[in-house]
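Remarks on the structure that follows.
Throughout, protein chains are lettered first and strands after them, A, B, ... in sequence-line order, and every chain is numbered starting at 1.
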Amino acid sequence: MDKLKALFVTEALELIADLERVLLEFEKDLHNEESVQVIFRVMHTLKGSASMFGFDTLSALTHDLETVYDAIRDGKIIATLEILDITLKSVDHLKKVIHDPSLGNSDLLKKHHDLLTAIKKVAQLHHDEIGADYSIGKSFLATYYIYCKPSFSIFKNGTNPLFLIDDLVALGDALVLPRMDLLPDFNHMNPGECYTSFEVILVTDKPAAEISGVFIFVEDACEIIIEKISEANLLLHDSFVARMKGDHDLSVAPFGLEIVMRLAENATVTPEAKSVQFVATRVDSSSIRVASDKLDELMNLVSELVTSQARLSLLAEQHGLAELTNVSENMEKITRRLRDNAFNICLVPIESLVIRFQRLVRDLSKELKKEIDFVAEGTDTELDRSIIEKVTDPILHILRNCLDHGIESPEERVRQGKKKEGKINLKAFHSGTSVVIQIKDDGRGVDIEKVRQKAIAKGLIKKETLYSEQEIIDLIFSPGFSTADQITDVSGRGVGMDIVRRNIESIQGEVTLTSILGQGTTISIKLPLTLSIVDGMLVQIGDSKYILPLTAIDKCYEIEARRISSDLSQKHVFDGMLLPVFNLHQVFREKANEHGVIQIIKIAYEAFPIGITVDQVIGEYQAVMKPLGNMYHDQDEFSGATILGDGSVALVIDTDKLIKQLTAKVVENNVLVN
Amino acid sequence: MSKTILIADDSESIRELVEITLKSAGYNVLKSVDGVDALKHLNGQTIDLVITDLNMPALDGIALIKEIRARQDYSTLPILLLTTESQAAKKEEAKQAGATGWIVKPFAQEKLLAVIQKVIR
């Protein structure tokens with residue numbers, strides 16, 4: 001039943017998302033009968049399944065909504081924006097109710113009643129007979145202890161005691177503990193007799209009478225105890241559950257009411273104990289559903305395999321056995337393919353996000369009385385599930401900014417000779433091994449002079465110093481910066497863009513902003529395809545090994561060690577070009593190699609290439625990324641660490657950040673040698 | 001030989017639930033997501049019972065019943081409606097179309113099985 005419930009939650013979330021999408025379409029054309037049909041049907045399905053799986057509050061609200069749309073369908077009510085508004089609010093509410101169907105949260109409960117009243121009101125304007133009786137609010141969750149010992153002869157009158165247990169479980173969340181202590185040894189056992197008794201911890205909002213109702217036909221054939229043991233949901237208390245479950249020894253005798261009562265008292269009661277969360281992933285109808293924790297497990301196993309594979313390759317190399325090397329190389333190919341496949345499975349299209357964005361734009365543009373044409377392109381672009389989760393909030397924030405500060409009011413736009421509707425374009429596309437999400441508006445753009453003045457006023461920059469336009473624009477991402485003249489509810493508290501940048505950088509992404517005054521702003525978010533494994537180049541610098549992302553590497557050169565000076569920054573000629581080179585031995589304080597040759601790796605950095613020194617290029621390496629932990633959160637030149645075949649650790653260098661830091665340092669010290 | 005039951009419901013969770021219930025009672029189960037999908041199974045093979053939802057995207061329950069009744073092979077096939085709907089008018093409509101019985105969601109699994117046993121014997 002729990003599995004089915006989880007299935008229902010996933011399905012319901014999809015239905016709710018569908019509903020939202022159709023409602024947004026319906027808004028554009030309130031006469032569209034087909035939309036009403038679809039809305040009605042989706043609601044109907046939702047209601048039916050919800051009632052089947054005990055989500056009564058969800059079912060009740062959906063029922064009322066459905067009645068309204070039924071009336072619209074039959075032409076008894078005319079669809080209005082007001083009705084649509086309430087429906088969308090209800091949709092938002094349903095998303096929450098599904099995780100808290102008993103409305104344990106008082107805000108949720110109030111909202112629920114408000115919505116029921118609002119729905120009734122819009123419906124009653126035209127229609128009298130609507131609504132059912134709602135028992136919401138009258139009953140609250142409680143935990144019951146139920147002991148049921150069917151008589152030995154219960155099978156003879158055709159009763160299956162398990163049905164009773166099923167009925168109990170259907171009343172709420174339950175922990176069922178079968179007790180087999182009465183089971184005799186095999187020689188004395190009569191298969192026609194029932195030896196099992198049950199202890200059930202049931203969490204339900206149903207009255208006790210309903211629980212005893214389950215046993216109404218078997219009262220004579222069972223010994224029954226039903227007792228309320230707590231006003232709280234004890235199943236949320238791990239210690240209580242663990243204690244009840246014991247060590248799964250079937251011969252354990254029932255605890256009995258007294259002991260269970262004591263355990264219940266011991267379980268500390270915090271009202272907002274961890275509520276059960278279901279994670280739902282949106283999957284195409286042509287595909288199968290997989291629980292997300294199974295995917296995580298798969299990715300973990302693949303990562304482990306990649307690490308073990310590295311060890312195998314190393315062993316094969318050390319032993320120099322041709323046969324072993326053969327097997328190892330073959331394994332490596334398969335591992336790589338398995339890895340790529342596993343990655344692909346974890347990718348989800350950003351489409352699922354776009355509905356949320358559309359919804360935000362719709363609600364906000366209404367609130368701000370702006371007219372917005374929101375277009376999303378490339379919504380089939382796929383990203384790792386975990387990245388999608390983390391990028392949602394930053395994008396929502398950017399859109400909020402766009403609507404609030406970027407797009408002008410319709411009057412102002414007309415005055416400027418622009419179209420009355422502002423345009424926001426969200427585009428997702430692949431670029432190399434990254435995915436770029438671009439949000440472009442045709443609003444007022446960033447006033448660089450205004451930003452500069454503000455930054456000076458806030459003491460972020462010095463008045464005398466000259467800054468490039470891009471440098472000034474970058475100030476928008478500084479903590480506490482806001483250029484809005486007025487602080488509005490929507491955005492503009494000046495805590496936005498720095499958090500956006502920080503969130504995106506925490507998933508190895510990049511955010512950049514370009515803008516033309518009076519014409520609009522473009523914000524680009526560059527994201528890695530995945531976070532867990534990177535294709536890298538293993539290099540030796542001094543006594544340590546490091547990983548460079550393969551995508552960053554352009555070319556490798558060799559140079560005599562004596563020609564490398566101890567300076568941090570120097571220049572050397574390769575392929576007839578002068579290449580700025582950073583001495584990484586200096587940077588990482590590794591022992592410099594004074595004899596033999598040094599390898600210079602040419603890195604593609606922004607517009608110009610940069611060289612870095614390493615002692616030896618060991619070879620390509622699939623690095624399973626492990627986070628560095630909080631101790632190292634300042635070291636953002638490293639994106640993580642990986643475990644090598646021999647068990648040692650190699651740091652993974654984020655070349656962009658490293659070079660950016662070094663360049664800044666060089667400029668600061670003014671030691672750039674020309 | 002165990003009997004075969006065809007389910008038509010657009011809700012996956014309900015389909016699964018009904019399927020589990022029926023399989024636990026030893027029935028063979030065929031699943032379909034709507035009326036059109038259900039008709040695909042009516043290709044001459046032996047089906048002992050149809051359990052259908054009322055509201056479905058393509059071909060709703062009542063239209064499905066009419067389609068089934070129009071086919072000679074299946075004109076006497078028992079059809080149960082399993083729906084949240086409980087309006088008398090709808091019931092009457094279904095009865096006219098040729099439905100054998102009506103079960104209201106939410107249903108108790110034993111009740112469903114009891115009704116099925118009566119219908120297909």
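- Residue Arg15(B) holds its CZ atom at 9.0 Å from CG of Leu7(A), rounded to the nearest 0.5 Å.
- Only the side chain of Ile20(B) comes within contact range of chain A, with at least one heavy atom under 4.5 Å from a heavy atom of that chain.
- We find the CG-CG distance between Leu17(B) and Leu4(A) to be 5.5 Å, quoted to the nearest 0.5 Å.
- Counting heavy atoms from C-beta outward, Glu11(A) and Ser11(B) have side chains that approach closer than 4.5 Å.
- One distance of note links CD of Glu14(A) with CD of Glu12(B); it measures 8.0 Å at 0.5 Å rounding.
- Tested against Asn55(B), the residues His44(A), Met43(A), Lys47(A), Glu66(A) include a single side-chain contact (heavy atoms from CB on, under 4.5 Å) partner, His44(A).
- Annotation: Glu34(A), atom CD; neighbour count of heavy atoms from other residues, nucleotides and ligands within 6.0 Å does not exceed 12.
- Atom NZ of Lys31(B) sits in a crowded spot, with more than 12 heavy atoms from other residues, nucleotides or ligands closer than 6.0 Å.
- Within 6.0 Å of the CD atom in Gln72(B), the count of heavy atoms belonging to other residues, nucleotides or ligands does not exceed 12.
- Of all heavy-atom pairs spanning Thr84(B) and Ser51(A), the tightest one is CG2-OG, 4.1 Å.
- The structure places CG of Asp10(B) at 7.5 Å from OG of Ser49(A), a figure rounded to the nearest 0.5 Å.
- In terms of heavy-atom proximity, Ile14(B) sits nearest to Gly48(A) at CD1-O, 4.3 Å.
- Using a 4.5 Å cut-off between heavy atoms, Glu110(B) contacts chain A through its side chain alone, with no backbone atom that close.
- The shortest side-chain heavy-atom distance between Glu16(B) and Phe8(A) does not fall under the 4.5 Å cut-off.
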